[in-house]
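Below: one structure, written as structure tokens.
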Amino acid sequence: MSEKVRVRFAPSPTGPLHIGGVRTALYNYLFAKKHGGTFILRVEDTDQNRYVEGAEAYIAEALDWLRLTPDESPAQGGDYGPYRQSERKSQYAKYAHELVEKGHAYYAFDTSEELTKMRTDQEALGHHSAKYDRRTRSLMRNSLTLSAEESKALIEKNENVIIRLKMPENEVVTFTDIVREDVSFNTDELDDKVILKNDGMPTYHLANIVDDHLMEITHVIRGEEWLSSTAHHVLMYRFFGWQEPKFTHLPLILKPSGKGKLSKRDGAKFGFPVFPLEWQQEEETYAGFREQGYDPKALLNFLVLLGWNPGNDEEVMTKDRMVEMFSLDKIVKSGARFDIDKAKWFNQTYIHKQNVEELLPIAKKVLADNDVSVDDTFLTKYVTLMQERITLYPDFYTEGTFFFHAPAEYDAKQAKKRYTAELDAHFEAIKSIITDGNNEAATLTDNVKSYLNENELKMGVYLPLLRIMMCGSLTGPDLFEIIALLGIEESNQRIDKALVAFKEL
RNA sequence: GGCCCGUUCGUCUAGGGGUUAGGACGCCAGGUUUUCAUCCUGGUAGCACGGGUUCGAAUCCCGUACGGGCUACCA
């Protein structure tokens, strides 16, 4: 690649960043880093009606959490700013006018009522979803149908004045998409898209290509929903005489089951997040991966493989490795269904691979959120014990609650199966072993096991019972590690308590 | 409806004229673990359909079906 790569992630601040948007950002980021290029965040806030307070901050925070840090952005600036389209408003009109002058665009004055009427009229004639195009524009009020004087007067009145792109007649527009290769559209099928709105703001189509040109974007990597309007974009580049960037349209992320692309409400419906961070809007809370205890690195790893592969069997990759392996031509063409089980597996795998030291502050916070505070020595041992038993970070509490609260109830079925009052004397003996023995799990294991052996007692009876006494059920890490960590006093108390409770079962 | 894009195990995917169609998640079984989980081993399951082209198609072509996107003064 001879020119310096510049790519942008261009979300619209109309709500929280969707997981598909995160993947788009990731691919842009990886491509930029792979080629030593620049990753730009540009906020496309040209629609004031859809602007949502806090959405831009959300996007920035999400990218930060995922460490997808832009090189240029509204927050940090750059040589091609401003990076918020609302702040670039004054620039767009002149480009729209340039297109009018060149005969590639025209003014239109139709009210929304007139537009609706045209569509229903066309519908009556048997034309479904009629467009404002080469066929219908002659029926409407615009600078192509009105006299120059009439148009001028209407433009000066400035009511319902917009600029539309004029689609050429019967031309085949072909562009190359890196994923899909050649894609063609006939201009007769394309509508005259509005490029400058009545409020003076550009629509996406104009703003996007003007900014991409001004910001010297070399590669446009965006969702497949833009594929259909790319012909318009390409035409505009040609009208302006600008070099067009290379296009890559990403397959969409689909619902885990059923029809359509993954949407905002699917999170609640399927019971998993579709947003990186939790988001609240109008009394509704949308779950976030961060809040549910996903590691951002694991999320990224899961996402990178949803629609791309490194060309070999590698799955667990660091971000550096992703950068190294990334290439646009390995992007898959078809949509990918979102599978939360795989996301969980990645998260678990990442937790297993982490150093205990990295996990310490995370576990500490999870425990604190559950009103549990522990000292560092305990925490280190606890995390070491729990690390391989955890899928999501909150499991640091839920998988080990018995460490912090003595069991309130016991697995009656399993206890009854093994317990009789005759066993009490031996549990008293085990208590004294715990009391006498040093506090190492290994020593405890040896001492208790040799006691059982010497007295010809069954391990399969005493050990499960001892576990139920400590944990309430037949789950959890190594029994003697638990006892060692709980300490002599607490362990013995649990035995006493259970011995009483077992008789009631 | 029209235009555009797509279709390999349930899911993510590799493979692009000759492969026992490979890997991963999930699921199932066995082993390890006094338990659960982890871990290890094995198994399960797929080329949407119909026509061509070819000695030979999952792979190339056409059609059909199905899925997706777009069809706003939204992005």
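These values consider heavy atoms only, across backbone and side chains, with no hydrogens, waters or symmetry-generated copies. Just so it is clear: chains get the letters A, B, ... in the order the sequence lines come, proteins before strands, and each one is counted from 1.
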**Request:** Please evaluate the base of B:U11 for a donor-acceptor partner in the side chain of A:Arg337 within a cut-off of under 3.5 Å?
**Result:** no
Output one line per pair: protein atom, nucleotide atom from nucleotides 72-74 of chain B, and distance, for all N/O pairs under 3.5 Å.
| residue | atom | partner | partner atom | Å |
| --- | --- | --- | --- | --- |
| B:C73 | OP2 | A:Arg164 | NH2 | 3.3 |
| B:C73 | O2 | A:Asn198 | N | 2.9 |
| B:C73 | N4 | A:Asp110 | O | 3.2 |
| B:C73 | N4 | A:Asn160 | OD1 | 2.7 |
| B:C74 | OP2 | A:Lys197 | NZ | 3.0 |
| B:C74 | O2' | A:Asp47 | OD2 | 3.0 |
| B:C74 | O2' | A:Arg50 | NE | 3.1 |
| B:C74 | O2' | A:Arg50 | NH2 | 3.4 |
| B:C74 | O2 | A:Arg50 | NH2 | 3.2 |

**Request:** Return the nearest nucleotide to the side chain of A:Leu252; candidates are B:U38, B:G69, B:U13.
**Result:** B:G69
Pairwise N/O distances under 3.5 Å, protein to nucleotides 60-63 of chain B:
none

**Asked** With rounding to whole Å, what would you report as the distance between B:C40 and B:A45 at their P atoms?
**Response** 23 Å
**Message:** Other residues, nucleotides and ligands only: do more than 12 of their heavy atoms fall within 6.0 Å of NZ on A:Lys89?
**Reply:** yes
**Given B:G6, B:U35, B:C70, the nucleotide with the shortest approach to the side chain of A:Glu225** = B:C70
**Complete:** The nucleotide from B:A14, B:G69, B:C12 with an atom nearest the side chain of A:Ala336 is B:C12
**Item:** Footprint string (nucleotides 19-29 of chain B, 5' to 3'): B base within contact, S backbone only, - free, heavy atoms under 4.0 Å
**Value:** ---BSBS----
**Asked** Can you name the residues that form a ring pair (Phe, Tyr, Trp, His ring centres under 6.0 Å) with A:Phe175, not counting sequence neighbours?
**Response** none
**Message:** What's the gap between B:G26 and B:G68 when it is taken at their C1' atoms, as a whole Å value?
**Reply:** 25 Å
**Complete:** As its Watson-Crick or G-U partner within any shown strand, both distances under 3.5 Å, B:G50 has B:C62
**Prompt:** Which whole number of Å gives the distance between the C1' atom of B:G42 and that of B:A48?
**Reply:** 31 Å
**Asked** So, does A:Thr445 use its side chain to make a donor-acceptor pair with the main chain of A:Phe480 at under 3.5 Å?
**Response** no
**Prompt:** In Watson-Crick or G-U wobble terms, both distances under 3.5 Å, what is the partner of B:C74?
**Reply:** none
**Request:** Using salt bridge (charged side-chain N to carboxylate O under 4.0 Å, His left out) as the criterion, list what pairs up with A:Glu114, not counting sequence neighbours.
**Result:** A:Arg141
**Item:** A:Leu474 side chain, from C-beta outward: closest of B:C70, B:C3, B:U35
**Value:** B:U35
**Item:** C1'-based separation of B:C12 from B:U7 [nearest Å]
**Value:** 15 Å
**Close residues, residues 297-305 of chain A, relative to RNA chain B [heavy-atom separation under 4.0 Å]** = A:Leu305
**Near-ring test A:Tyr382/A:Phe404, centroid separation under 6.0 angstrom** = yes
**For A:Thr176, side-chain hydrogen bond (donor to acceptor under 3.5 Å, both in side chains) partners two or more places apart** = A:Asp182
**Request:** Would you give a per-nucleotide map of nucleotides 42-50 of chain B, 5' to 3', where B means the base has a protein non-hydrogen atom under 4.0 Å away, S means only the sugar-phosphate does, and - means neither?
**Result:** ---------
**Message:** Quick check: A:Phe326 with A:Trp308 (ring centres under 6.0 Å apart)?
**Reply:** yes
Please table the atom pairs, donor to acceptor, closer than 3.5 Å between any side-chain atom in residues 335-342 of chain A and protein atoms at least two apart or in another chain.
| residue | atom | partner | partner atom | Å |
| --- | --- | --- | --- | --- |
| A:Arg337 | NH1 | A:Lys255 | O | 2.8 |
| A:Arg337 | NH1 | A:Gly258 | O | 3.1 |
| A:Arg337 | NH2 | A:Gly258 | O | 3.4 |
| A:Asp339 | OD1 | A:Asp341 | N | 3.3 |
| A:Lys342 | NZ | A:Glu315 | OE2 | 3.2 |

**Request:** For A:Lys344, report the nucleic acid contact type (base, sugar-phosphate, nothing); a contact means any heavy atom under 4.0 Å.
**Result:** nothing
**By salt bridge (charged side-chain N to carboxylate O under 4.0 Å, His left out) - contacts of A:Lys261 (at least two apart)** = none
**Pairwise C1' distance for B:G46 and B:A14, with rounding to whole Å** = 13 Å
**Message:** Applying side chain to side chain contact (heavy atoms under 4.5 Å, CB included), can you list everything that pairs with A:Ala442, at least two apart in sequence or on another chain?
**Reply:** none
**Asked** With sequence neighbours left out, what residues match A:His426 under side chain to side chain contact (heavy atoms under 4.5 Å, CB included)?
**Response** A:Tyr451, A:Leu457, A:Tyr462
